[in-house]
Amino acid sequence: MTQPPAAEPLLEVRDLRTHFSLRGSFGQRLVGRESGSVKAVDGVSFELRRGEVLGLVGESGSGKTTLGRTVLGLAEPTSGSIRFEGQELVGRRERELRPLRKRMQMVFQDPHASLNPAMDLLTAVGHPLIVHGVVKRVRDTVPMVTNALETVGLSPVEQFLPKYPGDLSGGQKQRAMLARAIIMNPDLLVADEPVSMLDMSVRAKILELMLELKSEFELTYLYITHDLATAKFFCDTIAIMYLGRIVEYGPTETIFRDPKHPYTVALLGAVPDPDSSEGLPTDPPRGEVPDAAEPPLGCSFHPRCPRAFERCGWDSRDLKDRLEARWAGMPESQFERERAVIGDIEALESPSQAAIIPAGKGHSGSEVSALLDEMRKADPAEPTWSGIESTSVEPGGLRVRFRPPVEPRLGSRDGVDVACLLYGESEPPGQDRLDSDRSV
Amino acid sequence: MAMPSVEEPTANTRPAGPAPVRARRFRTLHRMFAPFAEARGMPRFVVWAGVAITTFFIVLALFSPAIAPYDFDQYRTADGVRFAKQEAPSSAHPFGTNVMSTDVLSRVIFGARTAIEVVVLSIFVSMAIGLPLGLMSGYFGGKLDRILLVFMDALIAFPSLLFAIVIAFLLSDTFGRGVTTAALAISVVYIPQYFRVVRNHVISIREEAYVEAARAIGARPRTVIRRYVFQNVVQNVPVIATLNAADAILTLAALGFLGYGIQPTEAAEWGYDIQRAISDAGAGIWWTGLFPGCAIVLLVTGLTLLGEGLNDVINPVLRRRRIIPVRFPPLRRNGNADE
């Protein structure tokens with residue numbers, strides 16, 4: 001992609017989707033009907049060459065952990081393809097995946113929860129050997145376990161072998177997890193936020209250890225993190241994820257030097273800089289990560305994006321956010337006057353390209369229109385307004401038509417792949433409409 | 001494999017002296033019984049009182065032929081002299097004799113044997129069925145879970161004593177009306193309890209990271225259940241088992257009392273004895289009913305104390321650990337001691 005193509009990639013993921021179906025209300029659960037799905041991973045593609053470290057970076061809820069679990073077959077992919085050394089993993093049953101687990105291992109986020117509390121370290125670390133039939137008895141694992149524990153720096157080993165997870169500190173547990181992960185001499189190690197639960201002082205040591213293991217065992221890492229600072233230290237390539245999709249993907253250096261996607265810019269801005277005299281980082285993206293069950297239309301990031309413009313996929317929910325943001329900051333008497341103009345505001349909650357803002361009792365659509373005009377005047381820079389194509393007064397309310405959303409696609413730009421309409425070549429409108437299940 | 005400059009893990013290990021690696025088996029036992037040694041205060045009293053009472057009855061049960069002065073169905077001496085009917089306690093019959101001319105003390109002691117036999121057998125059977133079903137139902141979930149859950153809930157909804165009577169009635173053709181039938185009838189009543197407790201616990205453990213980690217290293221479901229799920233569920237089982245044992249004693253006695261329990265010719269049974277003593281009570285013959293009744297109350301109390309005590313001792317949420325006072329070595333007077 002961005003580097004000259006080497007040999008066959010160790011791991012190749014194409015258009016991977018992992019959706020979790022939702023069960024809705026009690027009634028729906030009774031009849032077993034599903035109500036929509038959470039698209040935890042929604043069309044992700046990347047490849048990982050031998051010896052490379054790929055960082056998957058994103059906020060909580062961006063689907064990075066699910067992606068890691070899907071790659072290892074711990075979560076079931078909905079569609080797409082995962083090739084490990086050319087072997088397709090999607091569609092294989094767990095039983096068929098089991099032999100491959102020797103070669104792909106995982107280190108989990110919470111070292112306190114990922115070791116069986118009822119298993120001593122010797123049994124726990126040596127268990128992969130028994131599971132894969134390398135040796136038969138726990139006693140025979142001792143030499144290899146000793147070796148692995150020494151490698152990860154848990155020595156004197158004799159003292160650690162009989163310990164239970166409860167006797168160890170977080171850093172020691174994570175070292176034990178690493179020992180267990182490398183004991184089968186794997187090729188791929190998925191590290192799911194391996195240091196985020198650890199103290200700052202221990203973090204650097206674990207990361208150093210992981211780098212040493214990498215050179216010693218020729219490991220390839222899929223490093224999942226929310227922490228750009230460790231990703232910069234650790235990764236060759238970075239993929240920034242937002243709501244189940246990769247929004248920017250390229251070499252670490254390039255991304256840090258010249259972030260393209262507004263989300264990446266925002267994330268980089270959120271990394272605390274000890275040299276900065278300004279104190280806390282400025283301009284965090286507004287709002288929260290939206291509900292993944294009903295992601296925003298168009299670009300998922302647009303409601304929070306400081307550089308959003310008219311084609312980003314505005315809909316009625318954005319309008320509701322504007323109204324609520326306005327009302328949150330005004331005196332109560334004024335709020336009550338304005339609130340009365342608009343009827344059931346929850347009507348805007350379902351995403352709609354041509355929404356009706358219902359007028360309140362005794363008010364008309366033109367009053368709603370006047371209110372919108374006033375809001376627009378108060379904050380003309382707000383990009384939501386540019387997303388409105390037309391408005392028309394109808395009985396009972398104001399119909400607002402939004403511009404058709406365009407889905408940004410990953411496209412190459414200055415050495416990185418970025419999915420943002422600011423950079424994409426302009427696609428003809430209407431061609432790249434949304435799937436029918438997204439628009440209403 | 002040399003590792004440069006890693007002090008962190010070794011820095012806070014305990015200075016354990018020469019620390020020879022003890023035998024693994026012994027360590028596991030030590031780990032199991034450590035909470036008992038650490039228990040203090042009320043839980044300590046409760047658990048040890050339970051242990052004492054239960055041990056007393058187990059000893060009675062194990063050595064009843066040696067302890068009891070007569071056999072449970074013996075109504076005459078070896079010389080063929082019949083015992084008096086409903087005789088008051090005397091030196092020959094410390095608890096008196098009952099309406100069947102048998103020795104009450106002997107029947108109480110042999111009754112302990114019956115009770116313990118039935119309870120051990122029924123706990124074994126209900127665990128052997130309830131635990132695996134609960135483990136599978138909780139771990140695999142889905143249709144299997146639904147079906148088992150509905151079935152077990154139906155069993156729970158049934159009045160347990162009535163249910164035991166029906167089962168005992170059905171089984172009496174095949175197994176006769178002895179200890180086996182009573183034990184099976186009682187175990188059917190308790191299977192749903194084991195199932196429910198184990199299943200619910202498994203469901204919460206299934207979501208633990210270490211179960212997923214076990215899957216990630218390639219463990220089969222069987223291995224995951226056995227080594228990762230079961231090992232963490234099993235801690236609750238002794239508590240349920242002892243509490244159910246106490247309940248099972250009462251069910252057994254109720255079965256015997258109602259005449260659906262163990263045939264009087266097969267074994268001595270407290271419930272049956274109490275039933276036979278009903279008419280005695282009005283005539284002022286107190287010893288035939290009192291002693292078997294006391295035995296029931298005492299054993300049930302003992303098992304309940306043991307169960308509750310175990311719960312307090314084993315359950316880490318309820319457990320209160322001893323605070324070990326720090327003792328400094330006495331100061332040696334070196335002439336300039338500033339005491």
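Computed from a prediction, not measured in an experiment: that's the story for all the values here. Proteins come first, then strands; the chains are lettered A, B, ... in the order of their sequence lines, and each starts at number 1.
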Counting heavy atoms not belonging to A:Glu218, are there more than 12 under 6.0 Å from its CD? no

Chain B contact via A:Met104 - side chain, backbone, both or neither, heavy atoms under 4.5 Å: backbone

If I compare all heavy atoms of A:Pro117 with all of B:Asn232, which pair ends up nearest, and what's the gap? CG-OD1, 3.3 Å

Would you find more than 12 non-hydrogen atoms of other residues, nucleotides or ligands less than 6.0 Å from A:Glu96 atom CD? yes

Please classify the contact between A:Glu94 and chain B as side chain, backbone, both or neither, with a heavy-atom cut-off of under 4.5 Å. side chain

A quick test of your reading: do over 12 heavy atoms of other residues, nucleotides or ligands sit less than 6.0 Å from CZ of B:Phe151? no

Measuring from A:Met119:CE to B:Arg227:CZ, what's the distance to the nearest 0.5 Å? 4.0 Å

Measure A:Arg180 against the heavy atoms of chain B and call it side chain, backbone, both or neither at under 4.5 Å. side chain

Per-residue contact mode, A:Arg95 against chain B (heavy atom under 4.5 angstrom): neither

Tell me, do A:Arg101 and B:Ile217 make a side-chain contact under 4.5 Å, heavy atoms counted? no

Could you tell me which portion of A:Leu74 (side chain, backbone, both or neither) has an atom closer than 4.5 angstrom to a non-hydrogen atom of chain B? both

Using a cut-off of 6.0 Å, state whether more than 12 heavy atoms not belonging to B:Arg146 lie near its atom CZ. no

Of all heavy-atom pairs between A:Ala113 and B:Glu208, which one has the smallest distance, and what is that distance? CB-OE1, 4.4 Å

Out of B:Ala219, B:Gly218, B:Pro221, return the one with the most heavy atom pairs under 4.5 angstrom to chain A. B:Gly218

Heavy-atom pair of closest approach, residues A:Met106 and B:Ala216: CB-CB, 4.4 Å

Chain B heavy atoms under 4.5 Å from A:His127: which part of the residue, side chain, backbone, both or neither? both

